[in-house]
Amino acid sequence: MPSPMVVPEQVGDLDAVKLEETLMETWKEENTFQQQVDSRRSGKPFIFLEGPPTANGKPGIHHVVARTYKDLVCRWKAMEGFLVERKGGWDTHGLPVEIEVQKRLNLMSNQDIVEFGMEAFNDECRNSVWTYEDAWRKMTERMAFWVDLDEPYITLHDDYIESCWWALSEMFNKKLLFRGYKVLPFCPQTGTSYSTHEVALGYKEVEEPSVYIKFKLKDEDASILAWTTTPWTLPGNVGLAVGPDVDYIRVRINSEPEGWDGRGGASTGEELILAKDLFKEVIRHHCDVISEMKGSELLGMSYEPLFPDAVDKGDSSTAWTILEADWVTTSDGTGVVHTAVMYGEDDYNLGMEVGLPAEHTVGMDGNFLTGVHPELDGRYVKDCDEAIIDLLAASGQLYREKMYVHDYPHCWRTGHPLLYYAMDSWFVQMTAVKDKLLEFNDQIEWAPENIGTGRFGEWLRNVKDWAISRERFWGTPLPVWICVDCGHQHCIGSKDELQKMMTSDSMMPRELHRPYVDEVRLNCPECGENMQREQFVMDCWFDSGCASFAQWHHPFDGGDAFEAAFPVDYICEGVDQTRGWFYTLLAVSTTVFDQLCYKRCLSLGLILDKEGKKMSKSKGNVVDPWDHFNREGADASRWYMVSAGAPWSPLKFDPSGVRETYARFFLTLWNVYRFHADYAALDKFDPTASKMDERSLLDRWILSRTNGVANQFHELLVGWDIHKAARLLEDFVVDDLSNWYVRRSRRRLWDENESSDKASCQHTLHEVLTIISRLVAPISPFMVDSIHRNLHGTSVHLADWPVNDSGSELPPRDMVLEARMDLVRQLAEMGRRIRVEAKRRQRLPCAEGWVVGGPDLTQMHDLLAEELNVETISIEEDLDRFQRVELQPNRKALGRKARQDLPAVLEALAALADHEVALNDIKSGRMTISGYLIEEEDVEVRRVERPGYSAMTIEIAENELSTDVSLVLDMSIDDALLSKGLAREIIRRIQSQRKEMDLDMEASIKLEVWLGEECPELVEYDWAHLRNETRASHATLHVGEGPSDAIFFDVDGANISFKIN
RNA sequence: GGGCCCGUGGCUUAGCCUGGUUAGAGCACCCGACUGAUAAUCGGGAGGUCACCGGUUCAAAUCCGGUCGGGCCCA
């Protein structure tokens, strides 16, 4: 790790917010982001594609989460040496933008917009898109998402639109684009169709007439019964759908019913067909069942049209026949579904499948078309329910009418019921490339995997043709022109082409938006007549689906930028984008390039509030990211979000979790750093000059652990287990580095003289902090940059990733040492527990301790002795001096052997009187229980301390075998120990007094101590130690009671007092 | 209605793929210790029908089926 000589500066208390804000300035001045990109120019590219947000909404915490995952992968890859360019993007078209403007300007209908002026309206839309751009910029900068917002791609730019046009023309040329119908909820009053989101706004419970209609079969003396809640669709009826496996019955009316409500009825002898399960609910007459049949037996039968003049049969062979549909159920109705092709989605799909005539009986104004029926022509459909029922009753085709209560969607603006209506629409024939989509999907690395196989794969297996046109104003105009004379269709793929084909009296549009583009006419290449544009805009998902190439203005501009950046390596968005952006990217790349679009996709879970509820403005549970940016900082916010759970799990955002992350991880790391930096500054530590002989065991241990953690961290990132990586590193910093290494090393740096040991500690901290800084940097980029700059003089974001194939960046690994240190730490914990159980004060030393069993820890005995306040630690080999043997059953082994007899065997084992003898029997193969030979592998041997000893035993794994290690402490007390303990008690009190007096760490004091009569003797050696520890330049020791202004306390009943000057 | 994900002490979670000691941790709480060691640390305590029901098995938090609840996407 070569670096110029940099002497760290002293650092003060942590003020995370100030630190981050200062660094933001530094990054801006240095242009650190650009430096990071530029420094990797020679590297292999790693392509990231930013999913463009819409700036007409305020950024929320969920955007911060998504941007954190985008950012951390990019930063990590850049540190690994890849060239990672990050172009920002803005999504600027679409219905939400229009609705926002419509609400503001109170424009209720498409007609209102036209009257307001399309040009003015689109200007409003264009402006509204940037309402929150500044908020987005500020958030992006504050959270340290490094992305180029100065040259972003913007979907409303002509260049971007031109690329979209090109893509669509490619599809057109491949004959993948066609005009058809799409059934949508439609409001005739406003002239608008609605998205599901808008439909959800307007559900109302209504009571409406529903009718059972008799459809007279042509070749049978019987009628088939169907049911509908929308009588106005009946003139459009062209088919009846039955379930092929549903049971139907044919019944004959044999007598009148007892009572009858409303119109309709049937005469004796009439025969009716309907689903068997619904017979009782529907039929009011007394009947004889004539026969039963499956739906499949009814298929193909013809029936008389209800309104013979309403629809022209054309060349359809299936009109007015019985058809098969697997979605027919017997949950309500008659098990026979009336099918009006233009007024229901299922109806339309079925109609296209079997070739029913697709003809409207209703106009866009919601009124019946002329020629449907003299009584209905020109009337608003919802006003015709009564008239239609009367007509059917009069012709004997009505069986029953019944009022029906249900939730039905209404226009959220006008309150009128929406009509499901087949709208003119342009489609991309995705069904033609389904196999390709599935093939490419298999090549994408999904995180989590189940998105690819599950949600996304499922969607692709059921792929439908993509309706890409919208009858709207603000969007990429559909570049399809149709000849007014011969009907020839042409799709424009560039501005040049537009210019070449336009009529001499047309002007090049000032921008590629409505209304300018609408005015352009083309010369028809077939007949020479004028061509007119189809007045649609495109689905805004088409825009963003083109992002991978349109961001470079491919194929018109950008040179090799596109070729080098396709397919992209990494995209990352919320799971709600599965059928959105994830799909449209693949849909476009498959149809245009016959390639996949992205190689890796991280699909993020939803952000919920801490109760697991969705965050929404109305619930008031939305978390404002700035609350945390301004309190715990962006580092802690980012780290919390990443470590709280797997990226793809829903994140319950708990504000106190951010606090906890700050206190536990960042504050700890800061204090470790401060500990190093302060002494390094004091000692003018030079990391380039080695003044140490050999690293201590403790140093080699933490370096080895650092190596292990770094490698593991890296592997976890590779496997997308980012949360596990973060937790690993956090635990390492808190437990290993701070609570063990630094705690055990404090005294080493207190030494004011130059020493090899001190140098070794400083070099070690320098190295470990460097590696940690670099590992943390992608996830939380601020504090570690401050650390890295102070240690090296350079930004951590320009540094190399510490883990690489050669492993050269990392200190050596020593597994044996790690295992032993781990054991020592366990022994230290055991020792503290032993003391608590034996009620022995921590400050009263023990004369001796023994380690029994396990590996040779001689080198660490001093460390352990200091930790446990024990005079000497030694090895004892005679286990039996402290312990006895106890056998525990190995259920896994015994279960395999004894199976159902296991309980009996366990009972017998538990009842063994002498485990020592039993163990010997087992070893020599002489132990049989219930006929099963008990072998060594069937039991686990435990060593339990004999009563009367203060000892504990743990089991450790060594060389794949388990062995027991015990710690035993000598609990006896003598004068020497009492003196030492007393000294420690006094030192502790004086130190805390010094702290209270806010004395400088180096300040000397004058000290007077009075020991009461009952006090144990304080020997000179311990007194000297006391003076030294408390920095007492002058000290006097008295026997007796101290003056009233001294500080008094007592130890085991002895009075002690002291005074500091 | 279909698809996918989730359900473990008050909260956040590990473990589940590959069944086997007393379900492990952190926060919060209580008791104690320790501290020139930071908003720290250590020991102990209390707190769990592992959503529910059934199945497989000698043995289920773990595997299978179902139910309920939550969430998302699509109808």
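Letters go in sequence order (proteins before strands), and every chain restarts at 1. Side chains included, hydrogens not; waters and symmetry mates left out as well; all remaining heavy atoms used.
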(request) Specify the separation, in whole Å, of atom CG of A/Leu868 and atom C1' of B/rC34. (result) 13 Å
(request) Could you check how far CD of A/Glu730 sits from C1' of B/rA25, rounded to whole Å? (result) 12 Å
Distance-only check: which donor-acceptor pairs under 3.5 Å involve side-chain atoms of residues 659-671 of chain A, not counting sequence neighbours?
{"from": "A/Thr661", "atom 1": "OG1", "to": "A/Gly657", "atom 2": "O", "distance (Å)": "3.0"}
{"from": "A/Arg664", "atom 1": "NE", "to": "A/Glu730", "atom 2": "OE2", "distance (Å)": "2.9"}
{"from": "A/Arg664", "atom 1": "NH2", "to": "A/Asp731", "atom 2": "OD1", "distance (Å)": "2.6"}
{"from": "A/Thr668", "atom 1": "OG1", "to": "A/Arg664", "atom 2": "O", "distance (Å)": "2.3"}
{"from": "A/Trp670", "atom 1": "NE1", "to": "A/Gly12", "atom 2": "O", "distance (Å)": "3.0"}
{"from": "A/Asn671", "atom 1": "ND2", "to": "A/Leu667", "atom 2": "O", "distance (Å)": "2.9"}

(request) Calculate the interatomic distance between A/Gln577 atom CD and B/rC73 atom C1'; express it in whole Å. (result) 12 Å
(request) Measure the shortest side-chain to side-chain distance between A/Arg1027 and A/Leu1007 over non-hydrogen atoms and say whether it is less than 4.5 angstrom. (result) no
Side-chain donor/acceptor pairs under 3.5 Å, residues 454-464 of chain A, sequence neighbours excluded:
{"from": "A/Arg461", "atom 1": "NH2", "to": "A/Thr453", "atom 2": "O", "distance (Å)": "3.0"}
{"from": "A/Asn462", "atom 1": "ND2", "to": "A/Glu458", "atom 2": "O", "distance (Å)": "3.1"}

(message) Taking ring pair (Phe, Tyr, Trp, His ring centres under 6.0 Å) as the criterion, tell me which of A/Tyr421, A/Phe186, A/Tyr348, A/Tyr420 meets it with A/Tyr343.
(response) A/Tyr421
What's touching nucleotides 17-20 of chain B from the protein side, N or O pairs under 3.5 Å?
none

(message) Closest-nucleotide mapping onto RNA chain B: is A/Arg674 or A/Ser649 further toward the 5' terminus? I mean the 5' end.
(response) A/Ser649
(message) Judged by each residue's nearest nucleotide on RNA chain B, which is more toward the 5′ side, A/His723 or A/Leu14?
(response) A/His723
(request) Write down the distance separating the P atoms in B/rU12 and B/rC58, rounded off to the nearest Å. (result) 38 Å
(request) Write out the stems for RNA chain B, ordered by first number and formatted as range with range, counting runs of at least 3 consecutive Watson-Crick or G-U wobble pairs under 3.5 Å. (result) B:1-7 with B:68-74, B:10-13 with B:24-27, B:29-33 with B:41-45, B:51-55 with B:63-67
(message) I'd like the P distance from B/rA23 over to B/rA61, given in whole Å.
(response) 10 Å
(message) Measure CG/A/Asp654 against C1'/B/rG10 and give the value in whole Å, please.
(response) 12 Å
(message) Between B/rG65 and B/rA46, how many Å separate the two P atoms, rounded to a whole number?
(response) 39 Å
(message) If you compare every side-chain N and O of A/Lys724 against the phosphate oxygens of B/rG15 (OP1, OP2), does one of them come in below 4.0 Å?
(response) yes
(message) Could you check whether the side chain of A/Arg455 and the base of B/rC72 have a donor-acceptor pair of N or O atoms closer than 3.5 Å, going by distance alone?
(response) yes
(message) With rounding to the closest Å, how many angstrom separate the C1' atoms on B/rC4 and B/rG9?
(response) 29 Å
(message) Any base atoms under 4.0 Å from A/Ala828, or only sugar-phosphate, or nothing? Heavy atoms, all strands.
(response) nothing
(message) I want to verify a distance call: between B/rG3, B/rC27, B/rA39, whose nearest atom is closest to the A/Arg659 side chain?
(response) B/rA39
(request) Could you check how far CG of A/Leu728 sits from P of B/rA25, rounded to whole Å? (result) 18 Å
(request) Name the closest nucleotide to the A/Tyr662 side chain, picking from B/rC74, B/rA39, B/rU38. (result) B/rA39
(request) Using the C1' atoms only, state how far B/rG69 lies from B/rU22, rounded to an integer number of Å. (result) 31 Å
(request) Between B/rG3, B/rG71, B/rU38, spot the one nearest the side chain of A/Leu606, thanks. (result) B/rG71
(request) Determine the interatomic distance between C1' on B/rC73 and the same-named atom on B/rU56; round to the nearest Å. (result) 34 Å
(request) Whole angstrom is fine here: how far is it from CG in A/Asp576 over to C1' in B/rC5? (result) 14 Å
(request) List for me each residue that meets salt bridge (charged side-chain N to carboxylate O under 4.0 Å, His left out) alongside A/Asp347, sequence neighbours excluded, and say none if there are none. (result) none
(request) Any chance you could measure A/Cys601, atom SG, to A/Ile444, atom CD1, to the nearest 0.5 Å? (result) 7.5 Å
(message) Please give me the minimum heavy-atom distance between A/Leu698 and A/Ser745, naming the atom from each residue.
(response) CD2-OG, 3.3 Å
(request) Choose from B/rC74, B/rC72, B/rC11 the nucleotide whose nearest atom is closest to any side-chain atom of A/Val575. (result) B/rC72
(request) Can you tell me the distance, in whole Å, between the CG atom of A/Asp346 and the C1' atom of B/rC74? (result) 13 Å
(message) What's the separation between atom CG in A/Leu728 and atom CG in A/Asp721, rounded to the nearest 0.5 Å?
(response) 11.5 Å
If you restrict it to nitrogen or oxygen atoms, what contacts under 3.5 Å exist between nucleotides 41-43 of chain B and the protein, and what is each distance?
{"from": "B/rC42", "atom 1": "O2'", "to": "A/Arg832", "atom 2": "NE", "distance (Å)": "2.7"}
{"from": "B/rG43", "atom 1": "OP1", "to": "A/Glu829", "atom 2": "OE1", "distance (Å)": "2.9"}
{"from": "B/rG43", "atom 1": "O3'", "to": "A/Arg833", "atom 2": "NE", "distance (Å)": "3.3"}

(request) Please evaluate the base of B/rU38 for a donor-acceptor partner in the side chain of A/Ser738 within a cut-off of under 3.5 Å? (result) yes
(request) Please state the C1' separation for the pair B/rA14 and B/rC50 - nearest whole angstrom. (result) 12 Å
(request) Could you tell me which residues satisfy side chain to side chain contact (heavy atoms under 4.5 Å, CB included) with A/Glu353, sequence neighbours excluded, listed by chain and number? (result) none
(message) Suppose we screen for ring pair (Phe, Tyr, Trp, His ring centres under 6.0 Å). Which residues come up paired with A/Phe713, at least two apart in sequence or across chains?
(response) none
(request) Using atom CZ of A/Phe675 as one end and atom C1' of B/rA40 as the other, report the distance to the nearest whole Å. (result) 14 Å
(request) Write down the distance separating the P atoms in B/rC6 and B/rG45, rounded off to the nearest Å. (result) 34 Å
(message) Going by salt bridge (charged side-chain N to carboxylate O under 4.0 Å, His left out), name the residues that satisfy it together with A/Glu935, two or more places apart in sequence or in a different chain.
(response) A/Lys897
(message) For A/Glu866, give me all partners under salt bridge (charged side-chain N to carboxylate O under 4.0 Å, His left out), at least two apart in sequence or on another chain.
(response) A/Arg744
(request) May I ask you to verify whether the side chain of A/Arg727 and the base of B/rA14 hold a donor-acceptor pair under 3.5 Å? (result) no
Could you pull out every donor-acceptor pair under 3.5 Å between side chains of residues 643-651 of chain A and any protein atom, sequence neighbours left out?
{"from": "A/Ser643", "atom 1": "OG", "to": "A/Trp639", "atom 2": "O", "distance (Å)": "2.8"}

(request) With heavy atoms under 4.0 Å as the rule, sort A/Arg461 into base, sugar-phosphate or nothing. (result) nothing
(message) My understanding is that only residues two or more places apart in sequence, or in another chain, count here; which of them pass ring pair (Phe, Tyr, Trp, His ring centres under 6.0 Å) with A/Tyr932?
(response) none
